[in-house]
Amino acid sequence: MKEWYLRRFSGFNALEIDCSECSQVSSLQDNKCLDCVNDLKLDFDLLELRKKFSTVYYEKSLSSSMRNDKFHLFDPYIVPLFLNFYVIPSMNGSLLFDNGFYKILKGDSSNLLSFNPVEYNLSVEDLKLLTDLVHKVQDEDLKIKDLNSQLPEDKMYIKALVKSYTNGLGFIDKLLEIKGVQDIYINSPGDSCVFFNHASYGQLSSNLFFKHEMINKVSTFLRTKSGRPFDEAFPVLHSDISGFASRVCSITYPLSFNGSGFAIRKHSSKPFTLHKLVSSGFLSSEVAGFLWFLLDSEVSVLITGPRGSGKTTLLGSLLFEIRNNNRFIVIEDTKELPVPELKSYNFNVEHLRTNSFQASESFELSSETALRTALRLGESVLVIGEVRGEEAKTLFEAMRVGATGNSVIGTIHGSSAFDTFDRIVNDLKVPPTSFKAADVVVSCNYLSSGSAKQRKLVSITEVCKNWFRNPAEENGFFELVSYNPKSQKYSFNDLKRSELLKRIAFLHGWSVRKCLDNIKLRGDIMKLVVKAGVKNDSLLSFESVINQNILFSSLIQRYGKSIILSKFRNYLNELGTVSDSLASSCRDNIILSALAELKAFSKGSAVPSRELFDKIGSRLSRSSFNKLLNILESDKLVKDNGSREWYLNRRKL
């Protein structure tokens, strides 16, 4: 025995013994090993015998002697030496889900997540190869890009493990890939199991325990990647984990009593759209159509709700409903909003980064400074990831002046319109009448649905302008939409009474009735798309939504409701019947984007086909061109002023 260490966790103790200098293979079948362990006279639950490249795990019940009759010996796990976590084999409960890598079990008090890592199932030969490659990359004797040359063809699956344990977060990378997991909790000081919040199974405890080495590695990784300090002087770190659409809040001493802890919030790898939120039950198609109308009418919106209620998800989905001829300035401290997706469609977006809410002497600027700067960066839709502090005053100043005539949208913690008003006025010290600058407050919340909780949009409230001190006492709030948990239905108030709707009608030169018809039309279109999305979920993607909005903007200028619905129905049916995914993608992402750039289209005229396909070049096959051109001609969006042979010749250039 070279050295030993007893690690104490909440729920079990792990005894680690360095056997690297022993000549024989470490095994509890060997009496010398048994004597070695028993001589320590320690109580433990997990035994780790460490050798040159691997660790052998055994589990036992609490017992003073390894030879005790009550001792139960499991088949040992042989795992790579560099692993910095324990997975406890025995967990009891009825099986709810099993995909090989992990199981979800129904326990007595809570559900359990039981892992079976692939690292625990490698052969001794694979373990040696994996360990050797990890050490070579860590010592910079081998580059990741050269891994293929070091691996036989039948061992290429080891490459992903090497990359994860050298350039990534190791096992945490795999945790972030688990479908349905929304939150991962690693509590300080790292002496308890890792906990999870799952969309379908609620709060989960697990059989996973991280060693302190792993926690230190995570801290170093986040500090390095974010460029932000994280130590005793700056004990809070907010960052994102690139590649996994995740946000992490880290704490350490002296904010914690001892050690570091992490709360990781996982977002969808693909951004949500209003259509996806309708499909998931977060809101109805009618309410989604109403929000679409409000955003198109350039109103200022505050989205409120408790933590995790879907505020940021809703905010991100609303950005796709704003016309792409607007300029956006997005302000946030960690990357959560779908800015890259907007930029991929040539939206005019400036992305500003601010310091996190805790005071720190860093290179980053405050949210207030970023917001004041944004007001000088040109006419823009202002998007504030979260309103927390002093920037609230600047935000409402921006709303009062109309932010040069565009929407101002942000999220804030609260539970209702009045709760939001109370927090902004009393906690953030914004003058009461400044709150009038917000046009609507959208409230989100958790609602109980059996044993699970469901995120839900619960109300849309108009902030009226005819009060002075307290909107709750002076009829300053007008609830436009409310959700009834008992009937599980939304109800609209008499929108004809809405001051906001009257103002929008005036600015458009419409009647209030025409506004209401427009809202209903948008709701009907939402319903059509969501229904079609059951068979073709790509129709709910942000790419498709952007192009649907482009199409809607062109149709609304020329046709009435029934014709628009008919054309949208034809459009969706055609997309649903195109079996070639490339052709479908081309129609969505190439043709409609090109149409939007042409003057004839924006003026409501049919676009000459030569003019359109000069824009897209030769990015379509001839068969796709013929099929899609026929559709556009039947919709009177394109007129053919060139033959099919002309297009074939264009492709040869």
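Here the structure is a predicted model, which means the values were calculated and not measured. One-based numbering along the sequence shown.
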Exam field: side chain [X] to backbone [Y], donor-acceptor pair closer than 3.5 Å:
X      : Y      : answer
Asn547 : Glu543 : yes
Thr304 : Gly414 : yes
Ser344 : Glu341 : yes
Asn99  : Tyr102 : yes
Ser309 : Pro306 : yes

Do [X] and [Y] come close enough that some side-chain heavy atom pair is under 4.5 Å?
X      : Y      : answer
Val381 : Ile329 : no
Ile264 : Ile241 : yes
Lys456 : Tyr483 : yes
Tyr185 : Gln203 : yes
Arg503 : Asp439 : yes
Ile504 : Val299 : yes
His275 : Val545 : yes
Ser206 : Phe195 : no

Hey, could you give me the [atom1]/[atom2] distance between [X] and [Y], rounded to the nearest 0.5 Å?
X      : Y      : atom1 : atom2 : value
Leu314 : Ile303 : CG    : CD1   : 4.0 Å
Glu474 : Asn466 : CD    : CG    : 8.5 Å
Leu539 : Lys531 : CG    : NZ    : 13.5 Å
Leu428 : Ile412 : CG    : CD1   : 5.5 Å
Ser553 : Asn325 : OG    : CG    : 8.0 Å
Phe328 : Ser407 : CZ    : OG    : 8.5 Å

Worksheet entry | Chi angles and distances behind the side-chain contact (heavy atoms from CB on, under 4.5 Å) call for Leu105, Ser94 | CA-CA 5 Å; Leu105 308 172; Ser94 57; over 6 Å; no
Discussion item. Please check if the number of heavy atoms outside Arg423 that lie under 6.0 Å from its CZ is greater than 12.
Written reply: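 Counting neighbours around CZ of Arg423, more than 12 heavy atoms of other residues, nucleotides or ligands fall under 6.0 Å, so yes.
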Item to complete: Tell me, yes or no, whether the heavy-atom count around Phe506 atom CZ, taken from other residues, nucleotides or ligands under 6.0 Å, exceeds 12.
Response: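 At most 12 heavy atoms, drawn from other residues, nucleotides or ligands, come within 6.0 Å of this atom.
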Geometric class of the [Y]/[X] ring pair [parallel <30°, tilted 30-60°, perpendicular >60°]:
X      : Y      : answer
Trp467 : Phe421 : perpendicular
Phe435 : Phe477 : perpendicular
His508 : Phe293 : tilted
Tyr201 : Phe97  : tilted

Practice prompt. Might you work through the salt bridge (charged side-chain N to carboxylate O under 4.0 Å, His left out) test for Lys276 and Asp537, ending with a clear yes or no?
Written response: CA-CA 9 Å; Lys276 282 187 178 179; Asp537 62 357; over 6 Å; no
Fill in: Stepwise side-chain contact (heavy atoms from CB on, under 4.5 Å) test for Asn326 and Asn348
CA-CA 7 Å; Asn326 286 281; Asn348 183 356; over 6 Å; no
Practice prompt. Dump the intermediate steps for side-chain contact (heavy atoms from CB on, under 4.5 Å) on Ile460 and Val287, then the final yes or no.
Written response: CA-CA 9 Å; Ile460 301 176; Val287 175; 3.8 Å; yes
Worksheet item: Strictly by modelled atom types, are Glu462 and Ser498 linked by a side-chain donor-acceptor pair under 3.5 Å?
Response: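 Side-chain D/A pair, Glu462 to Ser498: present.
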Worksheet item: In terms of side-chain heavy atoms, does Ser538 have a donor or acceptor partner in Ser544 at a distance below 3.5 Å?
Response: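 Side chains of Ser538 and Ser544: no pair found under 3.5 Å.
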Practice prompt. Please check if the distance between the ring centroids of Phe552 and Trp292 is under 6.0 Å.
Written response: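 Yes, the ring of Phe552 comes within the 6.0 Å limit of the ring of Trp292, centre to centre.
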Worksheet item: Can Ile525 and Leu521 be said to form a side-chain contact (heavy atoms from CB on, under 4.5 Å), step by step?
Response: CA-CA 6 Å; Ile525 289 174; Leu521 172 61; 4.1 Å; yes
For the pair [X] and [Y], find out whether any cationic side-chain nitrogen is under 4.0 Å from an anionic carboxylate oxygen.
X      : Y      : result
Arg247 : Asp333 : no
Asp240 : Arg265 : no
Asp296 : Arg522 : yes

Discussion item. Is the terminal nitrogen or CZ of Lys567 (NZ for Lys, CZ for Arg) located under 6.0 angstrom from the six-membered ring centre of Tyr559 and within 45° of that ring's axis?
Written reply: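 Checked: cation-pi criterion met.
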Item to complete: Using the six-membered ring of Phe396, assess whether NZ or CZ of Lys436 lies under 6.0 Å from its centre and within 45 degrees of the ring axis.
Response: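 Checked: cation-pi criterion not met.
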